[in-house]
Amino acid sequence: MIPYSLNNGIRRHVIVLLVLCSMCLATVFENTIIQAIVDFLLQGSWLKSENAEKIFEIIIEVAIPPFLTWSILYALYSKICWKWPPVKSLHGIPDLNGTWEGFTVNDKNEKKKRSVTVSIKQDWNGIMVKTYMNDTLQERCVQSFCECTVAAISVHDGEAMLMYAYRNPLLGRNSYFGYNELKIEENRIVGRYMTTKPSNGLFEITKRET
């Protein structure tokens, strides 16, 4: 996956919130859980010796510091929590993970549709968009794919847009670059594409039901 940008600064807010949560959790861990462990260990008569101080030092050293707590929280949020419906309703970033199917229509030949299958993998920080289709190359039909190289998601007034540049690396000298600017609806993504072939036209896909 590649990093994708957001236009609303929501990532900064998430980082600040997780920092505060991690500090609170680390404090609770050190003041409550660690103390409970120490109290439990003190019940053992074998600790009432000169080695007790060393054992306490080890317990303090292994206590989870705030930065480690933050790292765990951020990893959980980035991979899992950001997709939960209650959380998504707060940040507004759509979850595009899955397989999408649809078509493209070239402006020069509006009667001919070319079917495409799009695979999207996404987490809070990264995204990968691969579009699989058939390309005509000197009287041959070649199965190829386009892979995104730069991506961004824009959310404004409740409307989300997916914008990404891509390249098709499998056609040798006929390889090309392109750019898609697409509106994200609930189970549909639609908009315009343009390439260096040159070509441009309509791009529309619908999420495949699982």
Side-chain angles (χ1 to χ4, degrees), residues 1-15 17-18 74 76-135 143-169 176-210:
M1 291 194 291
I2 62 170
Y4 65 95
S5 63
L6 299 174
N7 70 320
N8 54 9
I10 189 64
R11 286 198 178 108
R12 292 193 298 271
H13 300 157
V14 169
I15 289 174
L17 180 60
L18 292 180
Y74 192 78
L76 289 173
Y77 182 88
S78 178
K79 300 298 181 182
I80 300 173
C81 300
W82 76 276
K83 297 184 289 186
W84 291 350
V87 179
K88 275 203 310 179
S89 66
L90 297 176
H91 60 63
I93 308 304
D95 174 13
L96 305 178
N97 282 289
T99 301
W100 302 70
E101 296 177 332
F103 59 88
T104 65
V105 179
N106 192 306
D107 286 346
K108 294 180 180 179
N109 189 356
E110 297 182 355
K111 295 182 179 180
K112 185 177 181 180
K113 292 183 179 181
R114 181 173 66 166
S115 62
V116 296
T117 300
V118 181
S119 172
I120 302 180
K121 295 181 180 180
Q122 178 193 6
D123 62 21
W124 180 244
N125 296 302
I127 193 169
M128 177 53 63
V129 183
K130 280 190 175 182
T131 302
Y132 299 87
M133 66 282 183
N134 294 322
D135 276 297
Q143 181 71 31
S144 64
F145 70 88
C146 294
E147 185 175 74
C148 69
T149 56
V150 180
I153 293 178
S154 171
V155 179
H156 183 70
D157 292 337
E159 182 176 283
M161 299 288 295
L162 172 64
M163 298 157 286
Y164 62 94
Y166 57 87
R167 63 186 178 92
N168 187 318
Y176 58 88
F177 294 86
Y179 172 76
N180 283 9
E181 188 166 313
L182 312 169
K183 181 180 178 180
I184 304 170
E185 300 176 356
E186 184 175 359
N187 288 307
R188 179 172 172 259
I189 299 176
V190 60
R192 302 284 300 175
Y193 77 89
M194 61 186 69
T195 75
T196 56
K197 287 184 177 181
S199 64
N200 54 77
L202 174 69
F203 184 98
E204 181 175 337
I205 51 177
T206 303
K207 193 167 189 178
R208 179 190 294 173
E209 295 183 3
T210 55

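Heads up: numbering here begins at 1 and tracks the sequence. In what follows, every heavy atom counts, from backbone to side chain, and hydrogens, waters and symmetry copies are set aside.
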Problem - Step-by-step side-chain contact (heavy atoms from CB on, under 4.5 Å) determination, Ile2 to Glu147 - result: CA-CA 10 Å; Ile2 62 170; Glu147 185 175 74; over 6 Å; no
For [X] against [Y], the heavy-atom pair lying closest together:
X      : Y      : result
Ser119 : Tyr132 : CB-CE1, 4.3 Å
Cys146 : Tyr166 : CB-CD1, 3.5 Å
Leu202 : Gly191 : CD1-O, 3.4 Å
Lys83  : Lys79  : CE-O, 3.5 Å
Ser115 : Met133 : O-CB, 3.8 Å
Asp123 : Gly126 : OD1-N, 2.6 Å

In Å, rounded to the nearest 0.5 Å, how long is the span from [atom1] of [X] to [atom2] of [Y]?
X      : Y      : atom1 : atom2 : value
Ile153 : Met163 : CD1   : CE    : 8.5 Å
Met1   : Gln122 : CE    : CD    : 8.5 Å
Asn106 : Ser199 : CG    : OG    : 5.5 Å
Arg167 : Thr149 : CZ    : OG1   : 7.5 Å
Trp82  : Asp95  : CH2   : CG    : 4.5 Å
Met161 : Ile189 : CE    : CD1   : 10.5 Å

Practice task
Please say whether the positively charged group of Arg11, taken as NZ for Lys or CZ for Arg, lies over the ring of Tyr77, i.e. under 6.0 angstrom from the six-membered ring centre and within 45 degrees of the axis.
Solution key: no
Exercise for the section: Evaluate the criterion side-chain contact (heavy atoms from CB on, under 4.5 Å) for residue pair Thr206 and Glu101; output intermediate values, then yes/no. Expected result: CA-CA 5 Å; Thr206 303; Glu101 296 177 332; over 6 Å; no
Exercise for the section: Would you sort out whether Lys121 and Asn97 count as a side-chain contact (heavy atoms from CB on, under 4.5 Å), showing the intermediate values? Expected result: CA-CA 5 Å; Lys121 295 181 180 180; Asn97 282 289; 4.3 Å; yes
Handout entry: Atom NZ of Lys88: over 12 foreign heavy atoms under 6.0 Å
Key = yes
Handout entry: pair Asp107-Arg192: side-chain heavy atoms closer than 4.5 Å
Key =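 Touching, per the 4.5 Å side-chain cut-off.
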Problem - Parallel, tilted or perpendicular: ring planes of Trp124 versus His91, cut at 30 and 60 degrees - result: tilted
Exercise for the section: Determine the interplanar angle of the Tyr193 and Phe203 rings, folded into 0 to 90°, and report it as parallel if under 30°, tilted if 30 to 60°, perpendicular if over 60°. Expected result: perpendicular
Practice task
Under the side-chain contact (heavy atoms from CB on, under 4.5 Å) rule, what do Leu6 and Val155 come out as? Steps first, then yes or no, please.
Solution key: CA-CA 8 Å; Leu6 299 174; Val155 179; 6.0 Å; no
Exercise for the section: Say whether Tyr164 and Asn180, considering side chains only, have a donor N or O and an acceptor N or O under 3.5 Å apart. Expected result: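 A pair is found: one side chain offers a donor N or O, the other an acceptor, under 3.5 Å apart.
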